[in-house]
Amino acid sequence: MSDPIQLTERELSIAKEAARIAVQEISNEFYKQVGKTLIQKVLIWVGIAAVAFATGKGWIIHK
């Protein structure tokens, strides 16, 4: 087997910072998608409630 790669302190610091930034970017994107999905579902339920309310008030008549 070959010897493990030896990194300098500077290289190790750069690698750690790059990994931290990558994890942060992935987390941000995940939370954006979750938030977007949640907002879409809430808006769908608000729309359903509005149609049900309007139908109950007689503003919308089914033919």
List in chain and number order the residues that pass ring-ring contact (aromatic ring centres under 6.0 Å, His included) with W45, two or more places apart in sequence or in another chain; answer none if no residue qualifies.
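Residues passing ring-ring contact (aromatic ring centres under 6.0 Å, His included) with W45: none at all.
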
Separation between CG of L38 and CG of L43, rounded to the nearest 0.5 Å:
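Rounded to the nearest 0.5 Å, the CG-CG separation comes out at 9.5 Å.
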
Members other than I21 in its cluster, when Ile, Leu, Val, Met, Phe, Trp, Tyr link by side-chain heavy atoms under 4.5 Å?
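Listed partners: none, I21 stands alone.
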
Please collect all side-chain hydrogen bond (donor to acceptor under 3.5 Å, both in side chains) contacts where either partner lies in residues 15-24, sequence neighbours excluded, each pair once.
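Residue pairs with at least one partner in residues 15-24: E17-R20, R20-Q24.
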
Not counting sequence neighbours, list each pair that qualifies as a side-chain hydrogen bond (donor to acceptor under 3.5 Å, both in side chains) and has a residue in residues 32-41.
E29-Q33

Pairs involving residues 18-42, ordered by first then second residue, that meet ring pair (Phe, Tyr, Trp, His ring centres under 6.0 Å) (sequence neighbours left out):
none

Quiz: residues 5-13 side-chain donor-acceptor pairs under 3.5 angstrom, not counting sequence neighbours:
residue	atom	partner	partner atom	Å
T8	OG1	E11	N	3.1
T8	OG1	E11	OE1	3.4
E11	OE1	T8	N	2.9

